[in-house]
**Q** 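First, the structure itself, so that you have it in front of you.
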Amino acid sequence: MLIHLSGLKKYDRLIPPGVLVTPVMIIILILPIAAPAQTVSVQGFITDGSSGQPLEGANVIFREIEEEQIYGAAADRNGFYNVTGIAPGRYELQVSFLGYTPHTDTLHLGDQPNLILSVALQTDPEQLDEVIVTLRRTGATRRSVGVQRLSTIELRRVPTPAGSGDLASYLLTLPGVVATGDRGGQLFIRGGTPTQNMVLIDGAMIYQPFHIVGFFSAFPQDLVTGADFYAGGFGSRYSGRVSSVIDVQMREGNRYESMGSVSVSPFVAGVMAEGPVEEGVSSWIASVRRSVIEHTSPVFLPEQQPLRFESHYFKFSHSQDDVRCSASVLHTYDRGRMDFEHDDAVQWGNFVLGGRCLSLPEGTDMFREMNLSVSRIGNTMNVGHSELFSNVFRSSIDVHSIRMAGGVRINYGLFILMKFLNYDMQELFFTRRRSDTFISGAGGYLEAGFPVGRRIRIQPGGVFAFYPGMYGIVLEPRLQASWQPFGRDEEELSAAFGLYRQPLIGVADRRDASSVFTGWMLSPIDEKQKEAIHALAGWGQSLGDEFQWSVEGFYKWIRNQPVPVWSTNAQFTTELALAHGYVYGGDVRLDYNRGPFYGSAGYGYTLTEYTSAQDHFSVWYDEPVQRFHPPHDRRHQINMQVGLELRKYTINIGWQMGTGLPFTQPMGFDERIRYGDGLPNVRTIYEFPRMIMDRPYQARMPDYHRLDVSMERLFRFGNSGLRFQAGAINVYDRTNIFYYDVFTHRRIDQLPIAPYFSLKLEVR
Amino acid sequence: MMSVNEKTKDKCENSLPNAFGRDLGVFVLFLCYRKKKHPDKPSRQLEGGLLPFAFCLFTIYVLTLSGCDDTFQPIQENPEHPFTIYGHLDASVDTNWVRVTPVRETLYLEEGDTTDAVVTIEHLETGEIVTLKDSLFQRAPRIFVLNWWTTMQLEPMQSYRLVAKKPDGRASSATVTLPDTFPEPIATAGFVNIDVYIEGVKNLADASVYYLVRDHVNNSSINFKFTHLKDTVRTAMPPGVHQFNFNPEEHESYIDDFFYEIPYTILGRWIYVASAGPEWIYFPDYDERELELPDAVTNIENGAGFLIGVVSKRVEF
């Protein structure tokens, strides 16, 4: 293992921990945490009365009848709201959400300091059409610095060849999100590698949720209520990853009526069903999806696609009084060959068992969330007669609380986790032999969001974590801030800054970005956790009712990134060294919504550069340290999406373009003969194939671009419906390279033009 | 023969999607042009404003970009390393073999790959030039290597220049000087080990023990080499003498394990010692990563590899 980092001393301490941690903690600790005794605090859940789904964004307003004083709040992604500092008196309560009949009531507040008041709104059929228009007008995605709140409306607008949207397809339309192609299930977000992304499903970790066919994930539109996508700068709630967070909330089953759907397309077939267990109180939802492309591809594509995936999901939800609990289980399986002519196959499977409870403890102004989860990922790859494998078993309990103190929102939480890792990657990484490792840890976080004047809001916080016998106590300061210079939500300048660490790392042979097999091990070498510092700032603005635009810039420092050792050995096996580096760039995005039309366009620029010091660099290049752009350094990306929803028809057109990824361009091949054991007999000696090259990753693949179109028609039969979708992937048949094997000069292309149609039958 | 880069470009230019995209792009350009030509009869869909202009521009851009990209160059130009040369020129043998490999675009030399290289040895003192003959050796199914040989008699203390040249004039070369001859090594049998003393050698290039073994199942012969170069020491008395020892029973035990239950016979055993010329590099001193680099440890001009001149001795025991 080469881990000499002598040339990198200047990065050794990116930030002295005390510089940031101390003032942040002091600020948090001196905050008032008890509400003034003479005021009242009201909190509760706002849900859909028919399905029980939380209504994010619902408005809760208390209007004082005599004084005309108004207090209000909006429900968060859990449907939770909290209004504090209300003066005692008589109030008119109004709870409203577009598409629902407003709920009004008259209350006398002041008898008790903390009141819990949950409301289930009923849908208003007369408002429904208006709602659809209005939602489009406001845009379905909320953006703030580093984070996008994704809704099912957004997912549906990105066509996938399966009759419904999918989180994977949607993410790939975002600037800064890079995939190596339409297979592999690997997402590189703003220069981070796939294993640096934290993906949560109802609070439970899932390691590799994106399927081997790149349009699909374990999160189809039908099962998801929304997702928070943090491309960087995420808050203190999330720890253990250094690049991004995708926090997915899964839908609850309908509590009042049973329904289901069956769908089929040349890519995937699926069945979904849901219904009440106890009417109005508990429900279930189940889904099974399985790819069929392996069987259908010989018919509609030039060659068979040896790719298979499936996912199984079940969720039980129970809601009573002010406690909402759910339990879910998810299983996924992926298997395939990236190089169709080669027998080497990779497969992985996820298993997630999670339980979550949201509660409003009586007599307090507190919201509490508790998650209990068990996650497992298993990766294997067959190389010749050998099998590489890497498994992670993770179990965790985490508790999160929110409470208001005056105008200050305090978030805090604790977690306990344990992980068991076992792997054998000797065939891939010389020095990473078979190993079984157990690690346990605990930690917590504290952050406080408070206003500074009327237009500025800051949220300092910090994470502490402790892994006994491994890393000691670590602190990670975080800070988020926003400024609304014109006093309107639609025009906001926001910024985020934070230190992030990752104890568990995934290593892959990143000599080629299309490498799929990932081995998980403790981070990484010499008990150094992988580290990153994020700094980002952005501006978002609405231009009238139709346009929204946003711009965001970011800079990330990276430390202790495992990279393959540079070697001229022309062989599959590699060694690992450490690199440091940085990523910077910016995104611009424009959204347009007018009547039945919608569209978006985005441009992203990302530059990723690593610095590595390896023993032989002084001999190779006369310098001990080398800088390079890793194979996922896609510099420019453009995404465009336009659509039209006209009565029963929906038309979507999507175009995406990315500049070429770096690859190692050989000057040629020869054999290397060793003299270390004496003179070689060239007639009998075993020689080592060698790749003669200048520097790795100096050349770039051709640019990638693809146009997808789809048209959907809904046929209604009473309460049931049949959705017919027809479209094509890669309409102009661009031959985008997925993978080029420089050893054999075999070129593996992404999907050619792939026309398809899908059917989805929805039954109530 | 067409290079990999040329093949990639050719395949791309003649591909159906490329032609389809270009043609469709031209067609859309034609349609857009027509709309401008008749402003009084605008199309219903593309009437007025920036939208039709943007639509046409985008469509043309997309379609003309379609097909495959013929700028893709899998192989970088290689002006510096036309050949890789390995081996040694030995004044003590009748036939000298060297490995001269044209640096190629594929990982392995495959059957049917031909070389139009010319490899020569020039005796620098006399100016005599001899052309070597090539011989294709099979290493594994579909994997071959190219060796070159000559029966030219080489002499100690003389300099020779080996040149490998391509028809386009690009060439790699190495100049080596053979060392002086030296006395036959002395092997003395002890209680367990055999001690070997080598006198008169400045650059010791090899100190090994060989066993020629007959495999009776496959009817083939195998040379087992046990190297002792790294554990050879220079004695204080007499000064400048290289010495190493070995245990023949350990060697034969290894051979026995190797064949397991396969019947075999040891046909011969000998000690091999080689003295190298002034170009010798003591390779065990170098890190393996450095040795992998084509330009790091080499005496080949305009190429990679290593060639050395030697005088060798073989002592049967």
**Q** Other residues, nucleotides and ligands only: do more than 12 of their heavy atoms fall within 6.0 Å of OH on B/Y254?
**A**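 No.
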
**Q** Please look at B/W148 and chain A and tell me whether the side chain, the backbone, both or neither of the residue comes under 4.5 angstrom of a heavy atom of that chain.
**A** neither

**Q** What are the two closest heavy atoms between A/V682 and B/G87, and how far apart are they?
**A**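 So the minimum-distance heavy-atom pair works out to CG1-CA, 4.0 Å.
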
**Q** For B/Y272, is it the side chain, the backbone, both, or neither that has a heavy atom closer than 4.5 Å to a heavy atom of chain A?
**A**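 Side chain only.
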
**Q** Check the surroundings of atom CH2 in B/W270: do more than 12 heavy atoms from other residues, nucleotides or ligands lie under 6.0 Å from it?
**A**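 More than 12 within 6.0 Å, yes.
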
**Q** Is it true that B/K230 and A/D677 have a side-chain N and a carboxylate O under 4.0 angstrom from each other?
**A** yes

**Q** Which one, A/A699, A/P666, A/G668, leads in non-hydrogen pairs under 4.5 Å with chain B?
**A** A/P666

**Q** Counting only non-hydrogen atoms closer than 4.5 Å, does A/R706 touch chain B with its backbone (N, CA, C, O), its side chain (CB onward), both, or neither?
**A** neither

**Q** Once rounded to the nearest 0.5 Å, what's the spacing between atom CG of A/L679 and atom CG of B/L229?
**A** 8.5 Å

**Q** Aromatic ring centroids of A/F669 and B/Y108 under 6.0 Å?
**A**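 For A/F669 and B/Y108, the ring centres are not under 6.0 Å apart.
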
**Q** Heavy-atom distance under 4.5 Å between the side chains of A/I692 and B/E80, does that happen here?
**A**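 Not touching, per the 4.5 Å side-chain cut-off.
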
**Q** Check this for me: B/D285, atom CG, are more than 12 non-hydrogen atoms of other residues, nucleotides or ligands nearer than 6.0 Å?
**A** yes

**Q** Using a 6.0 Å cut-off, check whether atom CZ of A/F300 has over 12 heavy atoms from anything other than its own residue.
**A**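 Count over threshold, so yes.
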
**Q** Side-chain contact test, heavy atoms from C-beta onward, threshold under 4.5 Å: evaluate it for B/L291 versus A/R674 and give yes or no.
**A** no

**Q** Is chain B contacted by the side chain of A/I737, its backbone, both, or neither, given a heavy-atom distance below 4.5 Å?
**A**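 Side chain of A/I737 only, per the 4.5 Å heavy-atom cut-off to chain B.
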
**Q** Give, for atom OG1 of B/T101 and atom CZ of A/R672, the distance between the pair rounded to the nearest 0.5 Å.
**A**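 It is 13.5 Å, given to the nearest 0.5 Å.
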
**Q** For residues A/R747 and B/F72, determine if any side-chain heavy atom of one lies less than 4.5 Å from a side-chain heavy atom of the other.
**A**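 Yes. Closest side-chain heavy atoms under 4.5 Å.
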
**Q** Begin with the C-alpha distance, continue with both residues' side-chain angles, and end with the deciding distance and a verdict on side-chain contact (heavy atoms from CB on, under 4.5 Å) for B/V103 and A/M667.
**A** CA-CA 8 Å; B/V103 172; A/M667 297 166 81; over 6 Å; no

**Q** Under 6.0 Å from the CD atom of A/Q698, do we count more than 12 heavy atoms belonging to anything else shown?
**A**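 Atom CD in A/Q698 is crowded, with more than 12 foreign heavy atoms closer than 6.0 Å.
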
**Q** Report yes if the side chains of A/Y740 and B/P74 come closer than 4.5 Å at any heavy-atom pair, otherwise no.
**A** yes

**Q** Please determine, among A/G676, A/P752, A/G660, A/S618, the option with the most heavy-atom pairs under 4.5 Å with chain B.
**A**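 Heavy-atom pairs under 4.5 Å are most numerous for A/G676.
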
**Q** Rounded at 0.5 Å granularity, tell me how far CG in B/N147 sits from CG in A/N681.
**A** 8.5 Å

**Q** Nearest 0.5 angstrom please: B/L293 CG to A/R690 CZ, how far?
**A**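 B/L293 CG to A/R690 CZ: 8.0 Å, rounded to 0.5 Å.
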
**Q** Hey, which of B/N223, B/N78, B/L107, B/V310 has the most heavy atom pairs under 4.5 Å with chain A?
**A**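 Between B/N223, B/N78, B/L107, B/V310, the count favours B/L107.
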
**Q** Distance from B/E77 atom CD to A/D694 atom CG, nearest 0.5 Å?
**A** 13.5 Å

**Q** Rounded to the nearest 0.5 Å, what's the gap from CD on B/Q76 to CD on A/Q665? Could you check?
**A** 5.0 Å

**Q** Set out, in order, the CA-CA distance, both residues' side-chain angles and the distance that settles side-chain contact (heavy atoms from CB on, under 4.5 Å) for A/D670 and B/H81, then state yes or no.
**A** CA-CA 10 Å; A/D670 66 355; B/H81 299 94; over 6 Å; no

**Q** Which is it for B/R104 and A/E671 under the salt bridge (charged side-chain N to carboxylate O under 4.0 Å, His left out) test, yes or no, and what are the steps along the way?
**A** CA-CA 10 Å; B/R104 55 188 177 269; A/E671 300 96 31; 2.7 Å; yes

**Q** So for B/F137, is it side chain, backbone, both, or neither that comes closer than 4.5 Å to the heavy atoms of chain A?
**A**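 When you check distances to chain A, only side chain atoms of B/F137 fall under 4.5 Å.
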
**Q** Once you measure the plane-to-plane angle for A/Y675 and B/F283, does it fall in the parallel (<30°), tilted (30-60°) or perpendicular (>60°) bin?
**A** parallel

**Q** Sort B/E292 into side chain, backbone, both or neither according to what part of it lies under 4.5 angstrom from a heavy atom of chain A.
**A** both

**Q** Is there a side-chain contact between A/D615 and B/R289, using heavy atoms and a 4.5 Å cut-off?
**A**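 They are not in side-chain contact.
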
